[in-house]
Amino acid sequence: MKTILEWLKPGARVKRYIAVQILSIGLFIFCIVTLKSTYDLSMKMLIAYIALITISIFGIIFSFILAQKNILFVSLKNISRKNKSVRVKKLLYGDPELKKGPKIVVIGGGSGLPNLLKGLKEYTSNITAIVNVSQDDSTITSVMSGVEELTPGDIRKCISALSTSETDFGKLLTYQSREDKINNNYSIGNSIITALTEITGSFPKAIYKLSEIFNMQGKIYPVTTDELILCAGLEDGEVVVGKENITDRVRETRSKIKQIFLKDGSVKTLPDVIEAIRNANVIVLGPGALYTSVASNFLLEDVSKAIIKSKAKKVYIANIMNQPGQTDGYTLARYINEVERYIGKHVLDYAIVNNGEITSEMIKDFNQENSTPVKIDLENIQNRAISVVQEDLVLTAKNAIIHDSERLAEIIMAITKSKKIGDLNIVKIKKKHMQNEKIMTGKSNISNMIKSVQANKSKNKNQDINVKSKKKKTNTNKEVKISAKSDATIDKIKKKISKE
């Protein structure tokens, strides 16, 4: 009974075909009855009857086929909710249909990116996940010894998410024996990636090989294979080196991040990443930790330039909950403004945000006491041309409140099909503040934007992180200090560079 009711829900595309079928059958019966009672037919009337009967027959056949197809889709969808390993689109249409899907590039990291990929792979196999793979203080020792050791945790999760056998391979890639947990060793997934890197000779080749082994529905690229060391200047003046250190330090001190930058500004982007961005139909930024997983990718000049130049629609997915320490008290406007601060002003076309209720019970039950929901404040968004899509996207998982990946994928697919910016928007903020600015689609303005981004990145390149050097003074004329741990790490790096 529940399945039958599902067929009658809005958007199931069953009712319309049932209505067409009833009308077609009625038309066919009408033609047959009137023909029997008509004894004198002219040539025009005969042609008209033949046309009507032909239309009614085609209507009956095609409405029946399309109705059955959508009934089957709804039925399989209900099955997939009970058994997550069942992929509805693949069962219904097969891989050839997925290969015709739009080209979607997703940039991010953490647990938000794999969750989104699970939803998108039901609609297209032309997915490219670009993951931030950074060096932090916990891996500096291996870097100093000359051993290539990228942190593959986020990539491992994405491989599992895009695998056609997601459940089985997910368990394999994340499995750790009791001994490994005690000794804090890698999971099996990390060990596999490390082994393939040695066998193939490079990290990108290892990931490509994994995509074949695990039959992935898309591609995964690290944003760079160079040694990428992320740094952050905090509001209290401290400079922290290393992605993991930044996350831990802001949680401890509750001092917000004022600026992020790279230790080495000459890091090169993987060419496949730029190619994927150029050919994309939609570029999705997030969800994920604002600074360490999303914005950090834009510190590479080639990435931000490619996104600005791309004709693809740019979509930002806001987090549901703020990250303790890193984004305490941030609103939707703050997230959007910060993303465009690093990528370029007025670049985003859409922002997707959750407007579903998050109760105090949910926060308590899923261990989110130190976090707060992201509030929607449209009036503070600097990009007044952006279209904000508000939806109830809340789902709960183990110790987390996450996005509904299925609904999120549906919204993104609708955006790919929209003919112009704003087709989908629920709230569109007009460009009132742009009276003194030229339209952003002009080539001259895009060129100026690129130059501006380059100028900002060059400043980051010239910053020398040293105990004796000073960071730019804040509005309160406070000097940026460097933690002892960061100081020791930087000295090691400099000694290594000087030897080379």
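If you read the sequence from its start, that first residue is 1, and numbering goes on from there.
Taken to the nearest 0.5 Å, the CG atom of L162 stands 5.0 Å off from the CD1 atom of I220. With rounding to the nearest 0.5 Å, the separation of NZ in K118 from NE2 in H403 is 14.5 Å. Distance NZ/K268 to CD/E301: 13.0 Å, rounded to 0.5 Å. L285 contributes atom CG, which lies 9.5 Å from atom CD of E340 (distance to the nearest 0.5 angstrom). For the atom pair OG (S387) and CD1 (I415), the distance works out to 8.5 Å, reported to the nearest 0.5 Å. Atoms CD1 and CG, from I402 and L395 in turn, are 5.5 Å apart once rounded to the nearest 0.5 Å.
Without hydrogens or angle criteria, N322 side chain to Y330 main chain gives a donor-acceptor distance under 3.5 Å. Of the possible polar contacts, none joining the T124 side chain to the L120 backbone as a donor-acceptor pair under 3.5 Å is found. Panel note: side chain N370, backbone P324; no donor-acceptor pair is recorded below 3.5 Å. Of the possible donor and acceptor atoms, none in the side chain of N115 sits under 3.5 Å from a partner among the backbone N and O of G112. No donor-acceptor distance shorter than 3.5 angstrom exists from the side chain of K99 to the backbone of N126, with no hydrogens or angles considered. For the pair S296 (side chain) and T292 (backbone), a donor-acceptor distance under 3.5 Å is present. The closest donor-acceptor contact from the side chain of N245 to the backbone of V240 lies at 3.5 Å or more, if one exists at all. Between the side chain of N383 and the backbone N or O of L348 there is at least one donor-acceptor pair closer than 3.5 Å. When atom types are taken as modelled, the side chain of N354 and the backbone of I320 share no donor-acceptor pair closer than 3.5 angstrom. Between the side chain of D226 and the main chain of L228, no donor-acceptor pair closer than 3.5 Å is present.
Contact of the I127 side chain with the Q217 side chain is not registered, since no non-hydrogen atoms from C-beta on lie closer than 4.5 Å. Side-chain contact between V282 and V105 is absent, with no heavy-atom pair separated by less than 4.5 Å. Within the 4.5 Å cutoff, side-chain heavy atoms of I307 are placed close to those of I343. Side chains of I352 and L393 form a contact here, defined as non-hydrogen atoms less than 4.5 Å apart. Annotation: side chain of I277 is not in contact with side chain of T128 (no heavy-atom distance under 4.5 Å). A heavy-atom distance below 4.5 Å is not found between the side chains of V389 and V353. Using a 4.5 Å cut-off on side-chain heavy atoms (C-beta onward), L230 and L299 make contact. Between Y335 and T327, some side-chain heavy-atom pair lies under the 4.5 Å cut-off.
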- Message: What verdict does the side chain to side chain contact (heavy atoms under 4.5 Å, CB included) test give for V294 and Y342, after you've listed the backbone C-alpha separation in whole Å, the side-chain angles of each residue and the deciding distance to 0.1 Å?
- Response: CA-CA 10 Å; V294 181; Y342 288 97; over 6 Å; no
- Message: Set out, in order, the CA-CA distance, both residues' side-chain angles and the distance that settles side chain to side chain contact (heavy atoms under 4.5 Å, CB included) for N281 and K311, then state yes or no.
- Response: CA-CA 8 Å; N281 300 119; K311 295 180 180 179; over 6 Å; no
- Task: Quick one: do K205 and K209 satisfy side chain to side chain contact (heavy atoms under 4.5 Å, CB included)? Show the steps, please.
- Result: CA-CA 6 Å; K205 288 180 181 178; K209 194 66 179 176; over 6 Å; no
- Decide yes or no on side chain to side chain donor-acceptor pair (under 3.5 Å) for Q326 and R249, but give the supporting numbers first. CA-CA 9 Å; Q326 191 170 148; R249 190 62 180 159; over 6 Å; no
- Message: Set out, in order, the CA-CA distance, both residues' side-chain angles and the distance that settles side chain to side chain contact (heavy atoms under 4.5 Å, CB included) for S293 and K243, then state yes or no.
- Response: CA-CA 9 Å; S293 293; K243 180 178 176 180; 4.2 Å; yes
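Scanning all heavy atoms of the two residues, the minimum distance from L116 to G286 falls at CD2-O, 3.8 Å. A161 approaches K121 most closely through the heavy-atom pair O-NZ, 2.6 Å. Nearest heavy atoms, N355 versus D392: OD1-N, 3.1 Å. Here the shortest heavy-atom pairing between V131 and C158 reads CG2-SG, 4.0 Å. Nearest heavy atom pair, residue S418 against residue Y350, reads OG-OH, 3.7 Å. Heavy atoms only, all atoms of each residue included: Q368 and A400 are closest at NE2-CA, 3.7 Å.
Annotation for K103: atom NZ does not count as buried by contact number, only 12 or fewer foreign heavy atoms lying within 6.0 Å.
One side chain, Y291 or E338, offers a donor N or O that lies under 3.5 Å from an acceptor on the other. Remark: the N380 side chain and the D377 side chain contain an N/O donor-acceptor pair separated by less than 3.5 Å. For the residue pair N279 / E275, a side-chain donor-acceptor distance below 3.5 Å is found, with atom types taken as modelled.
Put simply, the residue from I308, V339, I283 that forms a side chain to side chain contact (heavy atoms under 4.5 Å, CB included) with V347 is I308.
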